[in-house]
Structure formats: C-alpha cells, structure tokens
Amino acid sequence: MLNLVTPIQETKAYQSIYAEGKTEGKTEGKAATLQRQLTRRFGPQPVWAAQRIAAAPEAQLDTWLDGIFDATSVEDLLGGKNERH
C-alpha cells in the first residue's frame, strides 16, 4: 500500500489560514503606519484615535492614509471622538 502524504502547504486549510494571516498582517501594518504618521504630524494621539485605528478595516485605513497630508488635525482625519466610522 502506498502512503501518499500531501505537503501541508498544499492543503486548503493551510492556504486559508495563511491567506487570513497575510491579510491581518497587512491591515496591522497599515494601522501601525497611520499611527506613526499621526504621531509625527500631530504629536501623541488620544486614546480614542488609537482605538478607532486598531478597529478599522483595511479600506478605511487606506482612506485615512490617503488623507493624512490634507488633514489639519487627528479629529479632521478620523472624525470626532464620538463619531463612528
């Protein structure tokens, strides 16, 4: 009897987990970049801004990253403290 072993990288489960992790890492990288840019441009961030950035989906992070050069404040870019995005 032949023992056929499929390399783990070729399994659907592995590919799914890998893709999910890659997407999550990309989003975390964008969030970290945005936080760095905000701190450099406007100084220390309020807690609510860091929380909003951490919870934002990738598309929203892209919008904020694109708007960083036009924003006049953290509030201008991310919206006010009580605003939801």
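These values consider heavy atoms only, across backbone and side chains, with no hydrogens, waters or symmetry-generated copies.
- Residue D62 holds its CG atom at 6.5 Å from CG of D66, rounded to the nearest 0.5 Å.
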With side chain to side chain contact (heavy atoms under 4.5 Å, CB included) as the criterion, how do T63 and Q60 come out once you've worked through the C-alpha distance, each side chain's angles and the decisive distance to 0.1 Å?
CA-CA 5 Å; T63 299; Q60 181 63 63; 4.0 Å; yes

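- Distance CD/E58 to CG/L61: 7.5 Å, rounded to 0.5 Å.
- The structure places CD of Q45 at 5.0 Å from CD of Q35, a figure rounded to the nearest 0.5 Å.
- F42 and V47 end up in different hydrophobic clusters when Ile, Leu, Val, Met, Phe, Trp and Tyr side chains are linked at under 4.5 Å.
- Between T27 and A56, the shortest heavy-atom contact is CG2-O, 4.1 Å.
- Nearest heavy atoms, D76 versus A71: OD2-CA, 3.2 Å.
- The minimum heavy-atom distance linking P46 with V74 is given by the pair CD-CG1, 4.4 Å.
- The CD1 atom of I68 sits 5.0 Å away from atom CG of L77, with the distance rounded to the nearest 0.5 Å.
- Residue W64 holds its CH2 atom at 9.5 Å from CG of L38, rounded to the nearest 0.5 Å.
- No donor-acceptor pair under 3.5 Å is formed between the side chain of Q37 and the backbone N or O of L65.
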